[in-house]
Amino acid sequence: MRKDSATQAANILHFIGLFNKMCAGIATTILTEPRVRKRAILMEKFIDVAVELHALNNFHMVMSFISAFAQASINRLKFTFEKISDAHQ
């Protein structure tokens, strides 16, 4: 990274930080729940939020939700994915 990129591209760096924090926050929230059914409910709520963000044309945050769900630690939760309702699949 160039030395002056923080001043020349401050907004871009802010968006990158926001994206990373949102991904980490979603993954952490899901993974800290010990019960499978509660995790599934959380994931359904996050899916609902992502759908609403898409309806608002906020594609940057939609991609952060997709990236959070694509993380390996979330993808390994096969029992949780089995509990998600068909409407959210």
Side-chain angles (χ1 to χ4, degrees):
M1 188 183 305
R2 292 177 25 194
K3 294 178 184 176
D4 60 346
S5 65
T7 57
Q8 288 185 344
N11 289 334
I12 300 294
L13 293 176
H14 176 72
F15 271 118
I16 292 169
L18 184 63
F19 184 94
N20 292 337
K21 285 179 186 177
M22 185 63 71
C23 286
I26 292 167
T28 302
T29 303
I30 292 170
L31 293 172
T32 54
E33 179 55 53
R35 292 169 295 212
V36 174
R37 184 65 199 143
K38 288 277 193 172
R39 272 199 310 262
I41 291 170
L42 277 172
M43 291 175 83
E44 288 176 354
K45 291 200 185 280
F46 283 133
I47 291 168
D48 290 338
V49 171
V51 168
E52 288 298 317
L53 288 169
H54 187 268
L56 294 170
N57 294 329
N58 190 343
F59 302 115
H60 183 72
M61 283 295 112
V62 171
M63 285 306 299
S64 71
F65 277 74
I66 292 170
S67 296
F69 278 98
Q71 290 182 11
S73 57
I74 301 295
N75 272 330
R76 288 191 300 244
L77 300 173
K78 66 177 183 177
F79 295 121
T80 303
F81 280 107
E82 290 173 357
K83 298 280 187 190
I84 293 176
S85 68
D86 290 335
H88 290 90
Q89 301 245 346

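Note that the numbering runs from 1 along the sequence shown for the chain. Computed from a predicted model, the values in this text were never measured in an experiment.
Of all heavy-atom pairs between Ala27 and Gln71, the closest is CB-OE1, 3.3 Å. For the residue pair Phe15 and His60, the shortest heavy atom distance occurs at O-NE2, 3.2 Å. Across all their heavy atoms, Leu42 and Glu33 have their closest contact at CD1-CB, 4.0 Å. Between Thr29 and Thr32, the shortest heavy-atom contact is O-OG1, 3.2 Å. Here the closest heavy-atom approach between residue Met22 and residue Ser64 is recorded as CG-OG, 3.3 Å. Considering every non-hydrogen atom in both Ser73 and Leu31, the closest pair reads OG-CD1, 3.5 Å.
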For side-chain contact (heavy atoms from CB on, under 4.5 Å), just list the numbers for Asn58 and Glu52, CA-CA rounded to whole Å, side-chain angles, deciding distance to a tenth of an Å, and then say yes or no. CA-CA 9 Å; Asn58 190 343; Glu52 288 298 317; over 6 Å; no
Between Ile30 and Thr80, does the side-chain contact (heavy atoms from CB on, under 4.5 Å) criterion hold? Intermediate values first, please. CA-CA 10 Å; Ile30 292 170; Thr80 303; 5.7 Å; no
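When side chains are defined from C-beta on, Ile41 does not count as touching Lys83, because their heavy atoms never get closer than 4.5 Å. The shortest side-chain heavy-atom distance between Asn57 and Phe59 falls under the 4.5 Å cut-off. Met43 is listed as a side-chain neighbour of Ile74, based on a closest heavy-atom distance under 4.5 Å. Between Leu18 and Met61, the closest side-chain pair of non-hydrogen atoms falls below 4.5 Å. Contact check for Val36 versus Arg39: side-chain heavy atoms found under the 4.5 Å cut-off.
Phe19 and Ile16 end up in different hydrophobic clusters when Ile, Leu, Val, Met, Phe, Trp and Tyr side chains are linked at under 4.5 Å. When the side chains of ILVMFWY residues are joined at heavy-atom separations under 4.5 Å, either directly or via intervening members, Phe79 and Ile84 end up in two distinct hydrophobic clusters.
Panel note: side chain Glu44, backbone His88; no donor-acceptor pair is recorded below 3.5 Å.
Expressed to the nearest 0.5 Å, how far CE of Met63 lies from CD1 of Ile66 amounts to 5.0 Å.
Of the residues Leu53, Val51, Ile47, the one that meets the side chain to side chain contact (heavy atoms under 4.5 Å, CB included) test with Val49 is Leu53.
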